[in-house]
There are 2 protein chains.
Amino acid sequence: MSDHERGGTDGGGRRVRVLLADDEHLIRGALAALLALENDLLVVAEAASGPEALAMARAHRPDVAVLDLQMPGKDGVAVATELRAGLPACATMIVTGHGRPGHLKRALAAGVRGFVPKTVSAQRLAEIIRTVHAGNRYVDPELAADAISAGDSPLTAREAELLELAADGAPIAEIAARAALAPGTVRNYLSSAAAKLSAENRHAAVRVARERGWL
Amino acid sequence: MSDHERGGTDGGGRRVRVLLADDEHLIRGALAALLALENDLLVVAEAASGPEALAMARAHRPDVAVLDLQMPGKDGVAVATELRAGLPACATMIVTGHGRPGHLKRALAAGVRGFVPKTVSAQRLAEIIRTVHAGNRYVDPELAADAISAGDSPLTAREAELLELAADGAPIAEIAARAALAPGTVRNYLSSAAAKLSAENRHAAVRVARERGWL
DNA sequence: GAGCGCACGTGACAAATGTCAACCGGCCCA
DNA sequence: TGGGCCGGTTGACATTTGTCACGTGCGCTC
C-alpha cells in the first residue's frame, strides 16, 4: 500500500503523523490528498482493512489513526481497541458514514478520542485531527445528542444475546439449539426484549435495537 | 499527481462538465479536489441530496452526473430516472459503497451508463467519467458478475410489494390493512415469496431479498 | 374455442410464536 | 437472618403465522 512518508523536511516543528484506514480506495485516496494540503499533517500510511491497519500502525507508529467504522476483517472500534493496547501513544478516531448511537458508546469505551460522521468537511476533519492529537476529545454534536437521547440499552445481556441470534430471522427452535436453552426460555427473552423496545415482535425488535446501536 | 497529458485533443476545447452528488461532504469535497486535478474534467456543481442534485442539474446542465446510490430524499437511481427525462443530454453514473446486484439492474433499467463501487481509485473514476461521457457504458466487473449470478428476481410484483410492506416487521394484520387484502391472502404471498427465496419465514425472506437487491 | 399455465385471492387447519404465571438462586439492605 | 428485588429459567395457554387445497380470471397455444 502507499507509503507517503517523506524524510525529515518538515520545516518548522514535527508534523502530526496520520494513519488512514478505509476500505473505499476512492475516499481514502481523496482524503489523503486533502489532508496533504495541510502543512502540519502528514499521512504516513494507508490501509484498506482492519488487520492491515494494525500492521501499518505497528510499522509506521503514527500519532493519530483515522479509522473507518466499517471495514473488512476488523471494524474500526476493534482496531482502536488493539491499538490502545499495542501502541498507546497513538490517538485513535473513528469516521463513519451513518453513525449509530451505540457505536459511539462502544467507541468511547474503547478509548477512541474522536468520532465524526463523513458529512464533515475536510477542513473540519483536519482541525479535529489536531484536537485529538493534542490529547482532547471531539464528538460530533449531533451524534452525541442522538446517543444521549437514545440512552443506555434497557436490554439485559441475555436478551441482547438472544436478539443477536434472532437477527437473521432464524426460527425459535434453532435459536434455542444455538443458545442451549429451552424454546420457551428463548421466547420469553425475546418477548421481553420486544416489550422493552416497544416492538410488535422480535423481528421489529431487532430492527429497533440495530437502529439504536444496541445490538 | 502527474501532469499526464490528458486526451490533449480539445486544446482550448470544452471540458467535461461534471455534477457530483453525495451526502457525505467529506467524500464529495475530496472527490471534487481529485477530479479537479484532471485537465479535461470540470466539477460544475455539487449536491448533498437527491432533490438538490436535480435542482443543480437543471441549473448547471452538466455533461455527466456522478450520483451516490444512497442519498437523503431520493436515491441515485431515482435521480437518474428523472434526469433521463428532464435532461437527456446528461449522462448519469452511480457510485456506491456496497453495491447489491439488484441495484445494478435497476440502475441500468433507468438508463444509467456507469456503475462503480467506491473501492476504485480516483484515477480510474476519471477514466470512467470520460468513458461514460463518450457515450459508452462501464460496469464494475465484480458487480456485474454478482448481478449475473444472482439473476432475476423470482418474485411476482405482488409478492415483492407485500415483502416490502413486511420489511419493518409489521404483523400480518397491519400489512393486510395497508394492502387492502384479506390476512389469509397476505400470508399466502409472503409464504410463497419465502419459499422462492428458500427462507424460513417472511423476515428471513426480507433479508435475502435485500441482499440480492430484489427489494 | 378448449386446454393449459400462471398469478391472484381466500379460508381451514396445523405449527410456530408471544403472553402469562410461576419457581429458583443470587444480591442488597434492614 | 430474613425479606424484597432482579435476572434467569421453564411450561401451559392463546394468538399469530405458515401451509395447504381450492376457486377465479387472464393470456397463451394448439
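Since we're looking at a predicted model, the values are computed, not measured. Hydrogens, waters and symmetry mates play no part in the numbers below; they use all other heavy atoms, side chains included.
On the nucleic acid side, DNA chain D contacts chain B at distances under 4.0 Å to non-hydrogen atoms, with the end points of that region at dT17(D) to dA21(D).
Judged by distance alone, the side chains of Glu159(B) and Ser192(B) do bring a donor and an acceptor atom under 3.5 Å apart.
Nearest heavy atoms, Leu34(A) versus Ala30(B): CD1-CA, 3.5 Å. The minimum heavy-atom distance between Thr92(A) and Val132(A), with the atom names listed, is O-CG1, 4.4 Å.
At a non-hydrogen distance threshold of 4.0 Å, Pro171(A), Ile172(A) from residues 171-179 of chain A come into contact with DNA chain C.
Glu161(B) places its CD atom 14 Å from the C1' atom of dA7(C), with the value rounded to the nearest Å. As rounded to whole Å, 10 Å separates atom P of dC6(C) from atom NZ of Lys196(B).
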Where do N or O atoms of nucleotides 8-15 of chain C meet protein N or O atoms at under 3.5 Å, pair by pair?
| residue | atom | partner | partner atom | Å |
| --- | --- | --- | --- | --- |
| dC8(C) | OP2 | Thr156(B) | OG1 | 2.8 |
| dC8(C) | O5' | Tyr189(B) | OH | 3.4 |
| dG9(C) | OP2 | Arg158(B) | NE | 2.8 |
| dG9(C) | OP2 | Tyr189(B) | OH | 3.1 |
| dT10(C) | OP2 | Ala182(B) | N | 3.3 |
| dT10(C) | OP2 | Thr185(B) | OG1 | 2.6 |
| dT10(C) | O5' | Thr185(B) | OG1 | 3.4 |
| dT10(C) | O4 | Asn188(B) | OD1 | 3.4 |
| dT10(C) | O4 | Asn188(B) | ND2 | 3.0 |

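Few gaps surround CD on Glu161(B); more than 12 heavy atoms of other groups in view lie less than 6.0 Å from it. Annotation for Arg178(A): atom CZ counts as buried by contact number, over 12 foreign heavy atoms lying within 6.0 Å. For CD of Glu142(A), the number of neighbouring non-hydrogen atoms (other residues, nucleotides, ligands) closer than 6.0 Å is 12 at most.
Ion pairing between a basic and an acidic side chain is recognised when a charged N comes within 4.0 Å of a carboxylate O; Asp40(A) and Arg130(A) show such pairing. With respect to the salt-bridge test (charged N to carboxylate O, under 4.0 angstrom), the residues Asp22(B) and Lys118(B) qualify. A salt bridge is defined here as a Lys NZ or Arg NE, NH1 or NH2 lying under 4.0 Å from an Asp or Glu carboxylate O, and Arg106(A) with Asp75(A) meets this definition.
With Met93(B) as the fixed residue, the side-chain contact (heavy atoms from CB on, under 4.5 Å) test singles out one of Ile129(B), Val139(B), Val18(B): Ile129(B).
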